Q: 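Okay, here's the structure, questions in a sec.
FYI, side chains are in, hydrogens and waters are out, and symmetry mates aren't considered; it's all heavy atoms of this structure. Treat the numbers as computed from the prediction; the structure is a model and nothing was measured.
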Amino acid sequence: MTALLFLDVDGPLIPFGARDGAGDGTRGGAGGGAHPTYPPAPPASVSPLLARLDPAHGARLAALPYELVWATTWEADANAWVAPRLGLPELPLVAWTDGPEVPGLHWKTPALVAWAAGRPFVWVDDEVGDVDRAWVADRHRGRALLHRVDPRYGLGDADYAVLAAWAG
């Protein structure tokens, strides 16, 4: 059974926030903390941050041995705007529902566990925490990796190495 890869957009694919060390050549950033942008410019009806979406992520994600699933507040817009810029096909999308209110638990966590229904999964997000990991360990019967990505940089080489190794 192929493991699922639940993928958030803002943070992992579209970096935001201050970038420590930007411009020093260590993270591919431009000087002054600016995030690189990629053409074409997004239309005015879409977030201008979409220009920060590196199209190289598409091939890297497709090369991983996972079934990709959007787990993002972009919802259907992920297939309309993000997938085409990455060269990815339309992907399944987690529909968000109201879950239990547990202090410190990310609101996405219960829906992802329900969607996985016991299948192994990886969740890539910039808001994953220890409460989420404990909740999943207690309620999900399959393997799971909750991988936090630094939203200042988005997915990088080290993140892709972790994802590949876990699938190993």
Q: Looking only at heavy atoms, what is the nearest atom pair of Lys108 and Asp8, with distance?
A: NZ-OD1, 3.1 Å
Q: Between Asp126 and Pro12, what is the shortest heavy-atom contact and its length?
A: OD1-CD, 3.7 Å
Q: Please answer whether the main-chain N or O of Trp135 pairs with a side-chain N or O of His140 as donor and acceptor at a distance below 3.5 Å.
A: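 No, His140 side chain to Trp135 backbone: no donor-acceptor pair under 3.5 Å.
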Q: Is it the case that more than 12 heavy atoms not belonging to Arg141 sit under 6.0 Å from its CZ atom?
A: no
Q: Can you find a pair of side-chain heavy atoms, one from Leu86 and one from Leu13, that are under 4.5 Å apart?
A: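 The answer is yes, as the side chains (C-beta and beyond) meet within the 4.5 Å cut-off.
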Q: Identify whether Ile14 and Val128 are in the same connected component of the hydrophobic contact network (ILVMFWY, side-chain heavy atoms under 4.5 Å).
A: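 The answer is no; the residues belong to distinct hydrophobic clusters.
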Q: Is there side-chain contact between Pro40 and Arg85, with heavy atoms separated by less than 4.5 Å?
A: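 SC-SC contact between Pro40 and Arg85 confirmed.
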Q: Let me confirm one number: the CG-OG1 distance from Leu64 to Thr2, rounded to the nearest 0.5 Å.
A: 12.5 Å
Q: Same cluster or not: Leu93 versus Val82, using hydrophobic residues (I, L, V, M, F, W, Y) connected whenever any side-chain heavy atoms lie under 4.5 Å apart?
A: yes
Q: Which atoms form the tightest heavy-atom contact between Leu4 and Tyr66, and what is the distance?
A: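 So the minimum-distance heavy-atom pair works out to O-CD2, 3.9 Å.
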Q: Is there a side-chain contact (heavy atoms from CB on, under 4.5 Å) between Tyr160 and His57 once you walk through the steps?
A: CA-CA 10 Å; Tyr160 281 105; His57 284 303; 2.6 Å; yes
Q: Do the side chains of Asp132 and Trp123 get nearer than 4.5 Å, heavy atoms only?
A: yes
Q: Quick check: are there more than 12 heavy atoms from other residues, nucleotides or ligands sitting under 6.0 Å from CD of Glu75?
A: yes
Q: With rounding to the nearest 0.5 angstrom, report the NE2 to CG distance, His147 to Leu7.
A: 11.0 Å
Q: To check you understand the geometry: which heavy-atom pair defines the closest contact between Asp159 and Gly154, and what is its length?
A: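 Smallest heavy-atom distance, with atoms named: OD2-O, 3.7 Å.
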Q: Run Trp70 and Val9 through side-chain contact (heavy atoms from CB on, under 4.5 Å) and show every step you take.
A: CA-CA 8 Å; Trp70 293 124; Val9 172; 3.8 Å; yes
Q: Do you know which two heavy atoms are closest between Pro84 and Ala80, and how far apart they sit?
A: CG-O, 3.4 Å
Q: Checking the side chain of Arg143 only, and the main-chain atoms of Ala3 only, is there a donor and an acceptor separated by less than 3.5 Å?
A: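 Between the backbone of Ala3 and the side chain of Arg143 there is no qualifying donor-acceptor contact (under 3.5 Å).
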Q: If Ile, Leu, Val, Met, Phe, Trp and Tyr residues are connected whenever their side-chain heavy atoms lie under 4.5 Å apart, and connections chain through other members, are Leu61 and Leu50 in the same group?
A: yes
Q: Which pair of heavy atoms, one from Phe121 and one from Val113, lies closest together, and at what distance?
A: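 Heavy atoms only, the tightest pair is CZ-CG2, 4.3 Å.
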Q: Under 4.5 Å between side-chain heavy atoms, counting indirect links through other Ile/Leu/Val/Met/Phe/Trp/Tyr residues: same cluster for Leu112 and Leu68 or not?
A: no
Q: Once you round to the nearest 0.5 Å, how far does CZ of Phe6 lie from CD of Glu67?
A: 8.5 Å
Q: Give a yes-or-no answer on whether the side chains of Asp10 and Trp74 include a donor-acceptor pair shorter than 3.5 Å.
A: yes
Q: Side-chain donor-acceptor contacts of residues 98-105 below 3.5 Å, not counting sequence neighbours, with atom names and distances?
A:
none

Q: Atom CZ of Phe16 and atom CZ of Arg152: how far apart are they, to the nearest 0.5 Å?
A: 11.0 Å
Q: Would a single hydrophobic cluster contain both Val124 and Leu145, if residues Ile, Leu, Val, Met, Phe, Trp and Tyr are joined by side-chain heavy-atom contacts under 4.5 Å?
A: yes
Q: Can you measure from CG (Asp125) to NE2 (His106) and round to the nearest 0.5 angstrom?
A: 5.0 Å
Q: When rounded to the nearest 0.5 angstrom, what distance separates CG in Leu53 from OH in Tyr38?
A: 9.0 Å
Q: Could you check Asp130 against Arg148 for salt bridge (charged side-chain N to carboxylate O under 4.0 Å, His left out), going step by step and ending with a plain yes or no?
A: CA-CA 10 Å; Asp130 291 337; Arg148 184 185 179 280; over 6 Å; no
Q: If we only count heavy atoms from C-beta on, is the Ser47 to Trp81 side-chain gap below 4.5 Å?
A: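 When only atoms from C-beta onward are counted, Trp81 and Ser47 do not touch, as no gap falls below 4.5 Å.
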